[in-house]
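Since this is a predicted model, take the numbers as computed values, not measurements. Each ligand, and each atom within it, is numbered from 1 in the order the structure gives. Note that the numbering runs from 1 along the sequence shown for the chain. Every heavy atom of this structure was used, including side-chain atoms; hydrogens, water molecules and symmetry mates were not.
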Amino acid sequence: MKIRSFDEAGAARLIVDNPPVNALSLSKGVVASLTDALRTALDDPAITHVTIEGAGGRFSAGADILDFELPPEQIEPTRELFALVAGAGKPVIALITGEAFGGGLELALACHARLCTADARLGLPEINLGLLPGSGGTQRTPRLIGVAAALDLMLTGKPVTGAEALSLGLVDEIQAVERLRSAADAMARKGVPTRAPRADAVQREELRLTLHKHARLLGRSVAARQIGVCVEAALDVPLYEGLQLESRLFHELMASSQSRALRYAFFSERAVARLPGLEQVTARPVASVGIVGGGTMGSGIAAAALEAGFRVTLTDTNADMRVRAETVISGIFDRDAAKGRITPQQAQERQSRLTMAEGYEAFGEVDLVIEAVFEDMAVKQAVLRSLEDVVRPDCILASNTSTLDLDILAAATADPARVIGLHFFSPAHIMRLLEIVRGRVSAPDVVATALAFAKRLRKVPVVSGVCDGFIGNRMFEEMLRQAYQLLEEGALPAQVDGALERFGMAMGPLKVMDLAGQDIGHKIRQRRMAEHPDRPYSIVPDILCELGRLGQKTKAGFYDYPNGRNAVASDAVNDMIRSVSAQRGIDRRAICDEEIVERCIFALINEGAKIVEEGIAARPLDVDMVWLNGYGFPRDRGGPMFYADELGLTYILARIRSFEKLSEGWAWKPASLLVTLADAGRALRSLDTAARISV
Ligand code: T1G
């Protein structure tokens, strides 16, 4: 039963009860049941007015996103419900608690009035799914709160609190939750409030100014532009015409690849924490966390754990490092408080749960210890062995290593089943991605505990098997390999990075290496050249190091950085690259952006396919979640594997084979999984996500 209804003193109470978020699901019959219950109430002469609310402390998270895989004609019943609400001959009043998002808020907007609690959250986040509010939001919101506030709400996708909604005019009254029904009854008796239309000239000026404010977003987002079109129409045409325009543009967006990718990303970010095989495994309780090392990573991890509510003990043998760590952590919370993200009291409360200590004996009662010491196998092994002497037998030992073999690390302990990798990305309290590295003998409940811990940190956890670079860095190495070879063949850094940034990457790979430090890359490359001499390596980045051009930290790398962060093309580096081509006897050629993008992105896809094939990643969606949340892959392309699916594997395979002919000595062999899937024509996309979306 998805809708509960009962009458109370002449009022019909309709309650949407579709856990967990009261989605207005078509496929689960919520829309049909609500329509029937409302029609019954409106036809009943004993009923004077209707209230609509959500069960479980939240109004509704909006339409069921899974429904957007249905054929368009099956989405029509929502329109009938909204028309019934808006055209009701009796007051229909929305009582909002918790979230009223998307279609949930649009249902409330179709009502004659809205009451909510002060801490409710109201928003139109459709743009995050590559959509626009398709149930009247683009037409009713500007008429109710004005063009500027309506555009801000829809273009940012950010919710407002109940109190902010009242000041905007989005709701009519704020009430305590237990008074919502009686206040609505009083409002129905007195007459629902009406609003004077806003001055047209003011609205048009607000439209111009607000669209100008959001110009960058409008330049890159089709959905944003279509929202602008609908809001402008709300100034020019009657409501029913505006609703027709909105509906047409909504269906166009729903069919777009950008929206499909964003909906895939939405569900995958939740599915990724449900690792197949762990369904029946219970995570261990974690309330207190120990951290070894007060450096940048240790401090960032501590801040993330404190923010999530854990008690944290941080040790460093160096007193100055302990002071530095405590200062860094308090600085993070003070900045959050200064920006109004948290209150000063919350900042203080978080800091109060931090204990600094010199030795590991402070970890006697903690549930999980994370080492974030120098990236050296012997150093880390010694730390884990020492920890085993002082922690509880059921305490989990985690390593923040980004490159070392976790199995070798774990083998140094007496109980390697308790060891797991927690590869945080810097800055650890901000980056959403957390690679959970599962050793060969890591106990299932240790993996489950790491996943639950990551969710408490509001991270996107991806479980990786043990291999060099795990999932993200292993794939990034292949993108870099192509980028370096493109430099030797004729491209220059600004073109390589520019082409990939125009594709949508947050930052080109050569700029990434300037940010990470060319010396870091050099050290890893030296190790890999020794371990895998069969792979081609460019000497271009090594020459950068020999020239002392280590990247941003030396204000010079592939680019010059005269004022810190802005990359400026370097003639010296460009000349060096040309001389390397000459040394290698390569006739430099003009290379188009398309080749740059395909070689770099297909390198990611090919390596990702190998990673799935080897079982390092459980599903293609795991690979995609790494790249959307840790490496700046464009979210509206869904991730390398989703993008491969959209392009078609047969095309990708044909292009990879054409690249093989392009230059000798490439260690570029198509992954057999890619070959198999391309030949079979099956999608790389995660089958369980595909199944879920098509339900
Ligand atoms: N449809 C389907 N499933 C949804 C859903 C939705 N709208 N929202 C959440 N879920 C699932 C989610 O996948 C997860 O499932 C579970 O609910 C708990 O979610 C026509 C076009 C409301 C703030 O974009 O922002 O209306 O993984 O883990 O942290 O104009 O969910 O457990 O199986 O996120 O407490 C617009 C999206 C839809 C809101 C709760 N609405 N949801 O956060 O739980 S389009 C949205 C959220 C629309 C109309 C338009 C959050 C939340 P599972 P969760 P949470």
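Close N/O approach between E126 and ligand 1 is found [any backbone or side-chain N/O within under 3.5 Å]. For a threshold of 3.5 Å applied to N or O pairs, the pair formed by A23 and ligand 1 contains no separation below that value. Polar contact with ligand 1: present for A61 (N/O pair, distance under 3.5 Å). Close N/O approach between E106 and ligand 1 is found [any backbone or side-chain N/O within under 3.5 Å]. Considering backbone and side-chain atoms alike, F101 places every N or O at 3.5 Å or more from each N or O of ligand 1. The shortest N or O to N or O distance between F250 and ligand 1 is not under 3.5 Å. Checked by distance only, ligand 1 and V21 stay at 3.5 Å or farther apart across all their nitrogen or oxygen atoms.
Side-chain contact check for V446 versus R284: some heavy-atom pair is nearer than 4.5 Å.
Close contacts of ligand 1 with S135, meaning ligand atoms under 4.0 Å from a residue heavy atom, involve 20 (C), 30 (O). Near R121, with a cut-off below 4.0 Å to any heavy atom, the atoms of ligand 1 are 23 (C). In summary, the atoms of ligand 1 found under 4.0 Å from a heavy atom of R58, numbered by their order in the structure, are 35 (O), 40 (C). Within ligand 1, the atoms closer than 4.0 Å to a non-hydrogen atom of P125 are 24 (O), 41 (N), 46 (C), numbered from 1 in the order shown. Proximity to G103 (heavy-atom distance under 4.0 Å) selects the following atoms of ligand 1: 26 (O), 48 (C), 49 (C). Less than 4.0 angstrom separates some heavy atom of P133 from each of these atoms of ligand 1: 30 (O). Here is the list of ligand 1 atoms found below 4.0 Å of a heavy atom in G62: 26 (O).
Using a 3.5 Å distance cut-off with no hydrogens or angles, the side chains of S259 and R263 do pair a donor with an acceptor. The closest side-chain donor-acceptor pair between T161 and E164 falls under 3.5 angstrom. Side-chain atoms of E646 and S257 form no donor-acceptor pair, as typed in the model, at a separation below 3.5 Å.
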Run the salt bridge (charged side-chain N to carboxylate O under 4.0 Å, His left out) test on D236 and R204 for me, step by step, so that the C-alpha distance in whole Å, both residues' side-chain angles and the decisive distance to 0.1 Å come before the verdict. CA-CA 10 Å; D236 296 329; R204 291 189 188 284; 2.5 Å; yes
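Ranked by closest heavy atom to atom 38 (C) of ligand 1, the top entry among G123, A273, A63, P20 is A63. Comparing E99, R79, K455, R458 against atom 29 (O) of ligand 1, the shortest heavy-atom distance belongs to R458.
Using 4.0 Å as the threshold, R274 has a heavy atom nearer than that to some atom of ligand 1. The closest approach between a heavy atom of G134 and any atom of ligand 1 is below 4.0 Å.
In this structure, Y264 has its ring center no closer than 6.0 Å to that of Y643.
When atom types are taken as modelled, the side chain of N22 and the backbone of F59 share a donor-acceptor pair closer than 3.5 angstrom.
Taking a 6.0 Å sphere around NZ of K90, one finds it holds more than 12 heavy atoms contributed by other residues, nucleotides or ligands.
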